[in-house]
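Working notes, structure below.
Both ligands and their constituent atoms are indexed starting at 1 by order of listing. The residues of the chain are indexed from 1 along the displayed sequence.
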Amino acid sequence: MEFDLSPELAQLQQTVRRLAHDKVRPRAREIDVTGAYPQDLFDAFRDAGLLGLCIPEAYGGGGAGILGLTLAIEEVAKHSNTAALMLLLTRLPTGPVMIAGSEEQKQRYLPAVAEGTARAAFGLSEPQAGSDVMGMRTRAVPDPDRPGGWVLTGLKCWMSGVREADWYTVFAKTGDPASRAHDSVTAFVVERAWPGVSVGRTDHKMGVRGVDTGELVLESVRVPAENVIGEVGGFRLAMLGLNAMRPIVAARGIGLAEGALMYATEYVKEREAFGQTIADFQGIQWEIAKCAVDIEAARLLTYRAAALADAGKFTKEWVPYLSMAKYHATELAVRASGLAVQLLGAAGYMEEHPTEQWYRDAKQLTIVEGTSQVQLGLIARGVLQGDLWWD
Ligand SMILES: Cc1cc2nc3c(=O)[nH]c(=O)nc-3n(C[C@H](O)[C@H](O)[C@H](O)COP(=O)(O)OP(=O)(O)OC[C@H]3O[C@@H](n4cnc5c(N)ncnc54)[C@H](O)[C@@H]3O)c2cc1C
């Protein structure tokens with residue numbers, strides 16, 4: 001068992017740590033206040049080669065894998081979860097293409113994401129279908145004029161990066177609309193420029209401002225056969241992309257928790273009450289210690305999950321390990337940012353400090369890409385079915 005990062009990954013971690021400190025940190029609050037998309041950070045990530053980190057070298061990426069992207073996101077999320085989300089979006093929509101897509105799709109869509117000349121977004125959720133994905137109503141019917149082609153109609157919502165994206169990985173029912181069977185759903189690559197594709201309402205969010213979430217409207221969009229990801233009815237294969245995402249989302253939680261605890265620790269070492277610093281109180285020290293334990297436990301779970309995903313271990317039997325990382329790290333982010341607010345007292349509640357922003361940003365992490373309850377269900381299923389067993 002090896003706990004050290006390879007020299008290449010350790011180097012990547014140091015490089016991103018510096019970049020995040022120098023470029024992301026000074027911009028974090030402004031992005032939150034204005035809600036404007038931080039194109040300067042996108043450019044900085046592009047110049048540093050971070051947009052293609054987990055895209056294979058054969059398709060113009062860095063080939064650092066899920067673990068490489070996880071490490072980078074952890075560093076960036078210490079300062080800004082919006083910037084971390086920008087990096088996450090290099091994997092969420094491209095994952096199904098990398099796992100199940102055709103060679104032609106990989107050549108066509110992946111290098112542009114790695115180079116930063118195209119952006120992508122991921123459309124699974126619908127107003128009535130979040131956790132319950134099989135409740136989706138977006139439909140794809142065979143195109144009468146183009147053999148193998150499809151016509152898509154429906155509404156996707158809460159889509160991160162919907163406005164900036166050039167293409168979307170979109171899921172639609174190709175089988176019986178009332179069916180709840182996985183083989184009734186197919187994944188497609190849909191280009192923004194195609195007739196019938198438009199961005200609807202964008203949301204006013206509690207946190208992670210600067211990268212919009214919003215609606216993607218599909219009105220009789222004609223999608224050619226070559227833009228089906230995997231097979232028709234191949235939802236299960238495409239969904240493996242989401243399993244492999246768990247450590248990447250977890251990294252947003254870990255980085256946020258680390259940033260919050262370090263900030264609060266610096267503060268309590270300075271702040272005085274009752275003739276000593278706040279850090280001198282044992283009650284405060286124990287809170288810091290418990291949070292530090294949580295952070296290291298989350299890192300171990302997450303790095304292992306990333307290594308599993310990089311080894312292609314994201315099928316059903318590995319799901320509990322992947323879900324644990326996401327569950328633990330994102331719940332930790334909420335606890336750690338809450339602790340940071342508490343340790344700063346009134347100052348932590350005010351905009352002069354980043355703590356209140358971290359607290360708002362953290363909460364989305366327990367909701368996106370499978371809520372905490374969904375992850376607990378998957379972990380429990382793993383135990384009940386013996387995938388996670390210690391004998
Ligand atoms: C900021 C943000 C960005 C997002 N970005 C994207 C994106 O890019 N692409 C995309 O497709 N979607 C995106 N989403 C949507 C996200 O994936 C969904 O919000 C999530 O899947 C939960 O669905 P829901 O909101 O409909 O909640 P619901 O499914 O309605 O759940 C509501 C509550 O019920 C609980 N619950 C549901 N089912 C069960 C169950 N079986 N057992 C126990 N509890 C249950 C949930 O855990 C939750 O607490 C985003 C959401 C947010 C907030």
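From the protein, the heavy atom lying nearest to atom 13 (C) of ligand 1 is Trp158 O, 3.1 Å. Looking only at protein heavy atoms, the nearest one to atom 26 (O) of ligand 1 is Gly130 CA, 3.2 Å. Among protein heavy atoms, the minimum distance from atom 20 (C) of ligand 1 is reached at Ile367 O, 3.5 Å. In terms of protein heavy-atom proximity, atom 16 (C) of ligand 1 is closest to Ser125 OG, 3.7 Å. Here the heavy atom of the protein found nearest to atom 43 (C) of ligand 1 is Gln373 CB, 3.8 Å. In terms of protein heavy-atom proximity, atom 3 (C) of ligand 1 is closest to Ser160 OG, 3.3 Å. Taking atom 52 (C) of ligand 1 as the reference point, the nearest protein heavy-atom neighbour is Val368 CG1, 3.4 Å.
Counting heavy-atom neighbours within 6.0 Å of Lys173 NZ, excluding the residue itself, gives a total above 12.
Closest heavy-atom approach to atom 27 (O) of ligand 1 among the candidates Ser131, Gly214, Ala165: Ser131. Distances from atom 46 (C) of ligand 1 to the heavy atoms of Asp132, Val170, Thr371 put Thr371 nearest.
Between Phe122 and ligand 1, at least one pair of N/O atoms sits closer than 3.5 Å. Every N/O-N/O distance between Gly123 and ligand 1 stays at or above 3.5 Å.
Protein heavy atoms are absent from the 4.0 Å sphere centred on atom 30 (O) of ligand 1. The nearest protein heavy atom to atom 7 (C) of ligand 1 is closer than 4.0 Å. Protein heavy atoms are absent from the space less than 4.0 angstrom from atom 40 (C) of ligand 1. Contact annotation for atom 35 (C) of ligand 1: protein absent (non-hydrogen atoms, distance under 4.0 Å).
With 3.5 Å as the limit, one finds no donor-acceptor pair spanning the side chains of Glu226 and Ser102. Side-chain contact, Gln342 with Tyr359: no donor N or O sits under 3.5 Å from an acceptor N or O. Checked by atom type, the side-chain pair Gln385/Lys316 shows a donor-acceptor distance below 3.5 Å. Side-chain contact check for His353 and Tyr263: at least one donor-acceptor pair (N or O, by modelled atom type) lies under 3.5 Å.
In this structure, the side chain of Lys156 engages the main chain of Phe171 through a donor-acceptor pair within 3.5 Å.
With a 4.0 Å heavy-atom cut-off, ligand 1 is reached by the side chain of Thr213 but not by its N, CA, C or O.
The CD1 atom of Ile55 lies 12.0 Å from the CD atom of Glu57; values are rounded to the nearest 0.5 Å.
Screening Glu103, Lys106, Gln107 against Tyr59 for a side-chain hydrogen bond (donor to acceptor under 3.5 Å, both in side chains) leaves a single residue, Glu103. The only option from Trp150, Trp167, Tyr109 that meets the side-chain hydrogen bond (donor to acceptor under 3.5 Å, both in side chains) definition with Asn227 turns out to be Tyr109. Leu50 pairs with exactly one of Leu12, Thr90, Thr15 by the side-chain contact (heavy atoms from CB on, under 4.5 Å) rule, that one being Leu12.
Counting atoms of ligand 1 from 1 in the listed order, those under 4.0 Å from a heavy atom of Glu369 are 17 (O). Heavy-atom contacts of Met159 reach the following atoms of ligand 1: 7 (C), 8 (O) (cutoff under 4.0 Å). For ligand 1, the atoms lying closer than 4.0 Å to a non-hydrogen atom of Gln364 are 1 (C), 2 (C), 3 (C).
Minimum interatomic distance between Arg192 and Ala165 (heavy atoms only, all atoms of both residues): NH1-O, 3.5 Å.
Aromatic pair Phe314/Tyr321: centroids not less than 6.0 angstrom apart.
Residue contacts with ligand 1 do not include Val208, since none of its heavy atoms lies under 4.0 Å from the ligand.
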